[in-house]
Amino acid sequence: IWVSEMLQLPLVVTAQVDLLLVLVSLLAFWTRLSHLSYPNAVVFDEVYYGQFVSLYMKRVFFIDDSGPPLGHMILAFGAYLGGFDGNFVWNRIGAEYPTTVNVWSLRLLPALCGALCVPLVYLLTLELKFSHLSALGAAVLLLLENSLIVQSRFMLLESVLIFFVLLAFFSYLRFHNASWSRYIWLILSGVSCGAVVGVKYMGLFSYLLLLVVASLHTWKLIGDKTISHRNVCVQCVHRVLCLVVVPVLLYVFWFYVHLSFLNRSGPHDQLMSSAFQASLQGGLSRITRGQPLEVAYGSQVTLRSSVSQPIPCWLHSHKVNYPIRYDNGRGSSHQQQVTCYPFKDVNNWWIIKDPGRQQLVVDTPPRPVRHGDVIQLVHGMTSRFLNSHDVAAPMSPHTQEVSGYIDFNVSMPAQNLWRVDISNREAESEVWKTILSEVRLVHVNTSAVLKLSGVPLPDWGFRQLEVVADKLFKAHSSSLEWTVEEHRYGTSQEQKEREAELHSPTHIDVDRKISFWAKFVELQWKMLTVKQEESEHKYSSSPLEWITMETNIAYWLHSSTNAQIHLIGNPVSWGVGNLSLLAYQLLAVVYLLRRRRGLKDVPDGVWDQFVCLGCVCVGGWLVNFVPFLLMDKTLFLYHYLPALCYLYLLSPALLEHAHTHLLSSLTHQRALCVGALAVLLSIFLTYRTFCPLTYGSPELSAHQLQGLKWRDTWDILYRRR
Amino acid sequence: MLVAGLSFSTRLYKLTEPPHVCWDETHFGKMGSYYINRTFFFDVHPPLGKMLIGLAGYMSGYNGTFPFIKPGDKYENQNYWGMRGFCAVLGSFLPIFAYLIVLELSNSCTAAIIAATLLIFDTGCITISQYILLDPILMFFIMAAVLSMVKFNQQRYRSFTASWWFWLVLTGINLAGALGVKFVGLFVIVLVGLNTIGDLWRLLGDMSLSLVDIAKHFLARAFALILLPLILYVTIFAVHFVVLNKSGPGDGFFSSAFQSRLIGNNLHNASMPEYLAFGSTVTIKNLRIAGGYLHSHWHLYPEGVGARQQQVTAYLHKDYNNLWVVHRQQDNNSQSGNPDLVRHGDIVRLEHKETTRNLHSHLHEAPLTKKHFQVTGYGINGTGDANDLWQMEVCGGRKGDPVKVLRSKVRFLHRATGCVLYSSGKTLPKWGWEQIEVTCSPYLKETPSSQWNIEDHINPKLPNISLSVLKPNFLEILLESHIVMFRGNSGLKPKDNEMNSKPWHWPINYQGLRFSGVNATEYRVYLLGNPVVWWINLASLGLYFTMVAVASIATQRGFSLGQQRIEHSLVLVRGGGLLMLGWLLHYAPFFTMGRILYFHHYFPAMLFSSMLTGLTLDILFRSADLLLHPPYSYWFQRTGQLLLLFSILYSFYLFHPLSYGMTGPLAHEPGSAMAGLKWMDSWEF
């Protein structure tokens with residue numbers, strides 16, 4: 001909507017309203033927003049995003065490796081507006097929402113974003129310097145795309161991503177083309193770039209494309225000798241600030257909001273370091289609050305391994321020995337087992353002992369343990385010393401066995417001295433601190449390092465994880481690091497009293513904080529490295545199948561009738577998109593070759609426009625499609641939707657180009673127009689045909705459903721009656 | 001000459017030490033022996049490298065009898081020096097090639113000498129050239145291809161002369177060589193391809209050339225750089241298949257038709273009943289390339305993976321668990337008299353011979369391909385249910401056609417659900433012994449994955465007929481062996497416990513590879529680049545980017561530069577760009593690879609990086625007059641060059657035991673000869 005106000009006398013307001021734009025926008029809102037709360041049941045991936053929305057409402061900390069937090073926060077904001085209290089269990093697709101859940105508000109924001117994409121595409125086409133008719137064409141293609149409608153109408157993130165991508169490109173091009181109030185657009189572009197990357201990691205590629213386009217423009221600017229050096233510098237700095245610094249800051253800001261919002265302990269605590277956990281309310285911080293900070297001789301501690309793969313666990317021992325012979329015939333020391341155990345247990349307690357003295361209690365004042373000190377570790381419940389020797393470990397025979405030492409009098413002397421090596425002593429201190437220090441225990445006799453191998457032991461070891469001492473001295477392997485988690489100063493020398501002491505819970509009070517940056521880095525790293533069990537899904541597909549729309553996804557099926565919702569695109573538009581992609585590439589190659597031979601088919605201005613179109617649309621398609629080919633993840637058809645939007649942007653513009661510059665005779669031009677109209681009509685008809693599968697109503701008979709199965713590979717569900 | 005002399009002497013020094021098998025010699029030495037013995041084997045790399053190793057061994061009097069079982073085995077009296085010497089000689093050419101390439105690209109002798117020095121005194125390059133490995137051969141061909149390409153570029157104003165043709169054809173030959181050794185050769189092909197496209201683009205813009213001339217140029221390049229290498233590459237495979245004509249350890253990976261070529265294989269001149277009959281014992285092979293035999297064993301599917309019944313998989317090796325008995329729906333005891341033939345459309349029940357379970361499917365999700373149904377072994381001793389029945393169809397057959405052993409493609413359609421027996425090609429996790437998944441697919445499209453053939457056929461009641469199985473033609477063999485190789489390559493996934501080397505480790509020389517010896521008492525060789533050389537390379541990459549950025553912004557802004565400066569920036573952008581592209585092409589793709597990676601994969605990229613360093617540093621020294629006045633800038637230039645030379649030589653002196661062998665205590669223990677040289681904790685010497 002163009003509104004230009006001119007202050008003159010007499011005071012008048014002239015408003016220009018692009019009626020086409022208003023019309024498509026209204027239609028978009030109607031297609032995306034009508035009957036939004038139907039079906040009143042959990043649809044497809046709502047079951048996945050929903051759990052995070054609930055956790056936001058309860059302010060419980062979680063980790064999700066599927067994307068940065070902005071997307072989840074937007075969904076949660078929608079839920080917040082609707083007064084959702086987080087009390088709904090998202091456990092099954094198709095489960096009915098209770099009346100307390102405001103479904104409409106849950107789905108509102110993605111639907112709004114989806115609807116706004118339509119006018120954005122219209123404006124973007126205009127910024128690419130194509131006509132209003134082309135803009136209308138692109139908007140209609142987007143408007144009547146069934147898959148986009150389905151994806152926008154539920155609590156999913158693709159429409160949000162597409163919205164921000166389009167907004168970023170639109171505002172950047174507006175900045176590039178406009179002569180006045182340009183920097184507002186540049187800032188808006190930077191902000192939307194930050195949002196794009198904040199919603200999904202895939203957005204990063206679109207962002208990079210925008211940076212490439214911007215740097216090409218900047219490169220031209222640098223070459224422009226009519227502008228002074230100073231002016232060039234200023235402009236470059238502006239661009240870098242808005243397009244690089246702003247998005248990066250925003251990205252960090254999303255995490256800041258995320259972390260400051262989620263301050264309660266929850267299901268994923270265990271994945272994080274002890275220090276991180278201690279900063280959350282409840283959970284570990286409730287237990288560890290008030291522990292003494294410095295580990296001293298006589299301290300009673302639990303030692304947690306720094307790796308959280310496969311599961312977090314604590315150094316453990318129990319009154320069972322290694323079997324004399326393993327299944328494969330190898331022998332063991334038959335001493336007491338030492339393992340890593342993923343649950344809190346009284347057998348996880350160890351006491352730190354000075355090798356030169358007998359006592360197991362803390363002196364007053366306590367003598368703290370420092371980097372380089374040699375200690376012994378006594379198992380609290382069994383009083384065995386942590387020991388290692390040149391015997392092959394049960395599951396990893398290339399490493400040394402670790403045991404609780406028992407003297408069988410078989411000339412196997414105790415080797416139970418360990419040197420404390422605090423690996424983050426530069427950042428923390430030379431003194432061994434609870435939670436904060438990452439410690440390696442180096443075996444004095446063999447200089448092997450205590451290590452969690454992570455291999456589960458067989459039944460004789462109760463499936464607990466194997467702990468070994470590894471001679472290889474590899475830097476920075478977190479399987480070598482241990483932190484003290486629970487800690488208290490031991491007071492009883494007698495075994496019986498000590499056992500009672502170990503059984504009693506710890507408390508004393510202090511609060512510990514770690515900085516936002518430390519939390520941000522840890523969370524980001526964990527998100528990128530946490531691997532979830534990837535397996536094929538019934539509706540998953542491979543990227544090459546997307547081009548031909550080989551598969552669909554069933555989103556929802558009514559619990560008793562045949563009414564159902566599928567993610568199926570509009571086959572006609574899909575074909576048009578693919579065709580125009582091909583046509584553009586062919587045309588570009590022909591143009592390039594001919595221009596190289598000095599034959600200029602189109603004037604330079606038009607050529608620039610053509611190149612810009614290709615950069616944005618074909619480039620956009622490539623960056624949103626090719627990376628999937630290299631990914632090892634479970635992929636779905638909806639991953640293709642951002643790439644598809646670029647094709648819809650391309651098609652009408654290319655048609656206009658052909659109409660104006662390729663076809664010379666009037667009859668050809670008319671034929672093209674008629675053809676385009678016919679295609680539009682058939683797009684509308686197919687949209688109508690697939691509407692029942694898009695909106696989930698009306699219910700179709702099995703026969704009608706059969707008729708909609710245009711491809712053999714589509715899975716459409718029939719209820720047997 | 002000096003470069004050549006130094007290069008050969010560093011590579012050939014202490015060549016025969018250690019006198020035992022080192023690291024991957026266990027593979028490539030063994031494969032060389034296979035060529036001498038003419039035994040068929042399977043490897044994920046194309047054959048040229050191993051053929052050359054075999055040839056070198058043969059020429060130097062090695063008789064192919066050494067088993068190469070594991071690293072550390074003593075060679076005793078075997079003539080292993082021939083194979084090592086061959087690799088070392090090829091490896092010695094690398095610095096010479098680097099010298100010539102940089103000389104062509106920069107026209108500066110200093111740059112060329114820097115590049116060659118970096119390579120001559122790099123411990124990593126020395127170590128990797130001294131053993132029976134594919135890498136020296138691969139790198140030889142890569143560098144030779146780049147050299148001939150650069151030479152060819154110099155001939156651009158003498159089109160279609162003899163020397164023009166010579167370098168063009170030589171480029172093509174070297175490309176074929178590089179690809180014939182390892183698939184990494186593809187990267188240098190891409191490099192040459194991009195260079196050629198750029199070249200053609202330049203010609204296209206040259207208005208003095210007519211379109212016919214351009215077509216001639218195009219055709220000449222297409223012939224020499226596409227057709228010729230292709231022919232050579234195919235020839236290499238032809239030689240490979242002709243030489244290896246005896247059955248060996250690689251048979252099971254290939255189709256029945258392929259196996260019939262190999263002397264000693266049970267399908268070679270096989271004789272068995274011609275038509276499949278009820279009561280026969282058979283093995284059933286999937287027609288997918290590297291598809292495997294239908295297999296079952298006593299183990300059950302684990303909890304949570306469909307029904308807890310016996311596993312059915314596809315297995316690549318020959319095994320008695322691959323045997324199945326073909327039964328009618330009901331009867332179990334074969335009747336007297338001549339058995340009935342199985343015909344198209346007949347209902348059969350397949351009983352696993354070892355466990356007497358029936359091949360069974362039902363409406364449970366398959367373990368990996370969730371869209372398909374699970375296939376299990378069910379029932380015992382002939383009892384079962386209606387889900388054990390399969391309809392046998394001959395592809396392209398009509399009702400009543402008999403099923404020909406080996407030759408018919410058959411499908412098994414499940415009666416109850418209508419799905420078809422299918423091998424997805426995905427590897428099952430540990431519980432399935434990493435065999436291949438077998439499912440029942442509801443999609444009935446005819447693909448090789450759903451087609452099977454009967455391979456072994458045992459029925460004492462039928463007369464055996466000698467089958468001269470359709471010998472596959474050469475193209476089929478070629479295609480098949482390639483698909484098998486690619487499968488093999490992508491199947492090399494890192495194991496959980498193994499320390500995996502990451503691509504970002506490589507340029508910083510983060511961690512090497514142990515070639516030989518672990519303990520203090522052993523003779524140790526450790527593949528690790530000379531850290532000074534590698535870190536100079538790394539720094540030069542950054543320097544290169546800065547210099548190019550400064551130079552191009554200056555040009556774009558239209559600052560007036562001197563003639564000499566313009567030449568420098570041209571060398572930087574053109575020559576440096578080519579080397580940079582080479583480095584990127586040989587390095588970046590590894591980030592996307594899912595297979596297991598090793599440190600030595602970086603060496604081809606390191607060659608490019610070293611050449612780039614030579615070029616960059618030379619121009620940096622020459623540009624000293626930007627900041628300093630003439631006499632000082634000259635001194636700066638000389639001092640810089642000498643300092644560089646000295647630091648490389650001194651670091652080589654320090655680190656040479658890495659390549660030439662160390663004994664005594666490890667570096668972090670007291671009394672070691674390498675004490676104080678463990679600059680990074682991750683080095684393990």
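In what follows, every chain begins at residue 1, and chains take the letters A, B, ... in the order their sequences are listed. All of these numbers come straight from a predicted model, not from anything done at the bench.
With a 4.5 Å cut-off on non-hydrogen atoms, B:F591 does not touch chain A at all. For B:I553, the parts lying near chain A are the backbone and the side chain together; criterion is any non-hydrogen pair under 4.5 Å. For chain B, no part of A:L629 is nearby; none of its heavy atoms comes within less than 4.5 Å. Only the backbone of A:D224 comes within contact range of chain B, with heavy atoms under 4.5 Å apart. Using a 4.5 Å cut-off between heavy atoms, B:L200 does not touch chain A at all.
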B:E437/B:T369 under side chain to side chain donor-acceptor pair (under 3.5 Å): CA gap, chis, key distance, verdict: CA-CA 8 Å; B:E437 186 196 36; B:T369 318; 2.7 Å; yes

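In this structure B:S450 satisfies the side-chain hydrogen bond (donor to acceptor under 3.5 Å, both in side chains) test with no other residue, sequence neighbours excluded. Under the side-chain hydrogen bond (donor to acceptor under 3.5 Å, both in side chains) criterion, A:Q400 pairs with A:S388, A:T446, sequence neighbours left out.
A:H229 and B:F559 have their aromatic ring centers within a separation under 6.0 angstrom. Proximity of the aromatic rings of B:F373 and B:H364 is defined here by a centroid distance below 6.0 angstrom, and this criterion is not met.
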